[in-house]
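These notes concern the structure reproduced below.
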Amino acid sequence: MVNQSYTDGFILVGIFSHSQTDLVLFSAVMVVFTVALCGNILLIFLIYMDPQLHTPMYFFLSQLSLMDLMLVCNIVPKMAANFLSGRKSISFVGCGIQIGLFVSLVGSEGLLLGLMAYDRYVAISHPLHYPILMNQKVCLQITGSSWAFGIIDGVIQMVAAMSLPYCGSRNVDHFFCEVQALLKLACVDTSLFDTLLFACCVFMLLLPFSIIVASYSCILGAVLRMRSAQTWKKALATCSSHLTAVTVFYGAAMFMYLRPRRYRPPSHDKVASIFYTVLTPMLNPLIYSLRNQEVMGALRKVLNRCRIGSQH
């Protein structure tokens, strides 16, 4: 039965049964997915269309929305199709692609959020030099390095996980192909791989988190030196959306990946994954739009343009 998974694929156990309660929860997840999909597409569209949003911060935000969009589309449609059809299978290649995309996107998003903290530091501490320090080349280097590190991490984990021999049970106790859930089905000792995976997760989380802490420590120092209360408020308003997004993302990520295995029952992992893969991508566009006058202004312009166009 060794390597039977190469031809037969895997069975995703899922998170929902067909009980009344789980049907309600599944419907709620689909509503959240729809809001995440529409919210991120709308935010990318507004940033592209409005010249006033053609700034480094909104360029990074458009990349963040693209990552969130790809993340929810990688996980939720397959989960929904399996639940509605009753077929819970996923092919070996499909499982590998899902792992690669998931790890790449989560890694890229974490790094980008970390580097966005540096952007906020430059905006507050060096406002006069901001256009020079955060020019187009620097912005492309920041986003390019975020994507590159994430993709490298994703490819390494995908190749390593799919190179292992699998035998016996093909039931993955998750609603998508998650590396640590898949490793439990391997025919060989994976303790070394587990250790390397944990070290990789620690690095990919703590590196950008340390950038965030360093940047906000400098921002706090700069804010404390400001004498005007109005300047204080403006500085805090500049950072509040990013800080909220960081708290949501890193809170879920650290709960998910930095706990020892003995404190990680599969049921907890599944619930945390729902928060991490569906709720966070929905919250990011809401955080950056509802609390941001420039984005809301761009939305009003588009709506007014549509209204005028419909009248003609």
Under 4.5 Å between side-chain heavy atoms, counting indirect links through other Ile/Leu/Val/Met/Phe/Trp/Tyr residues: same cluster for Leu23 and Leu25 or not? yes

Flag yes if Ile124 and Ile132 sit in one hydrophobic cluster, no otherwise; membership is Ile, Leu, Val, Met, Phe, Trp, Tyr, and two members link when side-chain heavy atoms are under 4.5 Å apart. no

More than 12 heavy atoms from other groups under 6.0 Å of CZ on Phe149: no

Check whether any side-chain heavy atom of Phe60 sits under 4.5 Å from a side-chain heavy atom of Met134, and report yes or no. yes

Looking only at heavy atoms, which two atoms of Phe175 and Ile75 are closest? And how far apart? CE1-CG2, 3.6 Å

Smallest heavy-atom separation, Tyr166 atom then Cys187 atom, equals C-SG, 3.4 Å

If you measure from CG on Leu46 to CE on Met296, what distance do you get to the nearest 0.5 Å? 9.5 Å

Determine whether a donor-acceptor pair (N or O, by modelled atom type, separation under 3.5 Å) exists between the side chain of Thr143 and the backbone of Leu140. yes

Hey, can you pull the donor-acceptor pairs under 3.5 Å for the side chains in residues 99-116, sequence neighbours left out?
residue	atom	partner	partner atom	Å
Ser104	OG	Gly100	O	2.7
Ser104	OG	Gly150	O	3.4
Ser108	OG	Ser104	O	2.8
Ser108	OG	Ser146	O	3.1
Glu109	OE2	Asn284	ND2	3.2

State, with a plain yes or no, whether a side-chain heavy atom of Val76 is found less than 4.5 Å away from one of Met30. yes

Atom pair CG (Leu12) and CD (Gln98), whose distance is rounded to the nearest 0.5 Å: 6.5 Å

I want to check something: taking the side chain as every heavy atom from C-beta on, are Val246 and Tyr216 in contact at a cut-off of under 4.5 Å? no

Would you check, one step at a time, whether the test side-chain contact (heavy atoms from CB on, under 4.5 Å) holds for Phe26 with Asp22? CA-CA 6 Å; Phe26 172 75; Asp22 279 0; over 6 Å; no

If the threshold is 4.0 Å, N to carboxylate O, is there a salt bridge linking Asp50 and Lys301? yes

Besides Ile156, the hydrophobic cluster formed by Ile, Leu, Val, Met, Phe, Trp and Tyr side chains linked at under 4.5 Å, directly or via other members, contains Ile152

Give the C-alpha distance, both sets of side-chain angles, the deciding distance and a yes or no for side-chain contact (heavy atoms from CB on, under 4.5 Å) between Val13 and Val172. CA-CA 6 Å; Val13 173; Val172 180; 5.9 Å; no

Whether over 12 other heavy atoms sit under 6.0 Å from Gln141 CD: yes

Would you please classify the geometry between the Tyr121 ring and the Tyr118 ring as parallel, tilted or perpendicular, with 30° and 60° separating the classes? tilted

Verify the neighbour count for atom CZ of Phe209: are there more than 12 heavy atoms of other residues, nucleotides or ligands below 6.0 Å? no

Would you sort out whether Lys184 and Asp173 count as a side-chain contact (heavy atoms from CB on, under 4.5 Å), showing the intermediate values? CA-CA 9 Å; Lys184 294 173 185 176; Asp173 194 6; 5.8 Å; no

Give a yes or no on whether Tyr48 and Leu66 share a hydrophobic cluster (residues Ile, Leu, Val, Met, Phe, Trp, Tyr; joining criterion: side-chain heavy atoms under 4.5 Å apart). yes

Would you indicate whether Tyr250, at its atom OH, is surrounded by more than 12 heavy atoms from other residues, nucleotides or ligands within a distance under 6.0 Å? yes

For residues 30-45, pull every pair meeting side chain to side chain donor-acceptor pair (under 3.5 Å), keeping only residues two or more places apart or in separate chains. Asn40-Ser65

Any Cys177 side-chain heavy atom under 4.5 Å of Ile90 side chain: yes

Measuring from Ile142:CD1 to Asp119:CG, what's the distance to the nearest 0.5 Å? 6.5 Å

If you take all heavy atoms of Leu64 and Tyr288, which pair is closest and at what distance? CD2-CE1, 4.3 Å

Given Leu69 and Ile44, is the side-chain contact (heavy atoms from CB on, under 4.5 Å) satisfied, shown in steps? CA-CA 10 Å; Leu69 197 58; Ile44 293 169; 4.3 Å; yes

With side chains defined as the heavy atoms from C-beta onward, is the minimum distance between Phe92 and Met162 less than 4.5 Å? yes

Side-chain (His174) to main-chain (Gly14) donor-acceptor, under 3.5 angstrom: no

Could you state the interatomic distance from CD1 (Ile11) to CZ (Arg87), rounded to the nearest 0.5 Å? 9.0 Å

Would the distance check show the side chain of Ser125 and the main-chain N or O of Val122 forming a donor-acceptor pair, the cut-off being under 3.5 Å? no

Lys88 (side chain) donor-acceptor with Asn82 (main chain) under 3.5 angstrom: no

Work out which heavy atom in Ser241 is nearest to a heavy atom in Ile287; give both atom names and the distance. O-CG2, 3.4 Å

At their closest point, which heavy atom of Arg120 faces which heavy atom of Cys239, and how far apart are they? CB-SG, 4.4 Å

What's the shortest heavy-atom distance between Cys73 and Leu37, and which atoms? SG-CD1, 3.5 Å

Thr190 side chain vs Phe193 backbone, donor-acceptor pair below 3.5 Å: no

CG of Leu299 to CD of Glu294, rounded to nearest 0.5 Å, is 14.0 Å

Donor-acceptor contact present, side-chain Asn304 to main-chain Arg300, <3.5 Å: yes

Donor-acceptor pair, Ser62 side chain versus Phe59 backbone, under 3.5 Å? yes

Under a 4.5 Å side-chain heavy-atom rule over Ile, Leu, Val, Met, Phe, Trp and Tyr, are Leu283 and Met70 clustered together? yes

CG-CD distance between Leu197 and Gln157, expressed to the nearest 0.5 angstrom: 4.5 Å

Connected via hydrophobic side-chain network under 4.5 Å: Phe249 and Leu286: yes

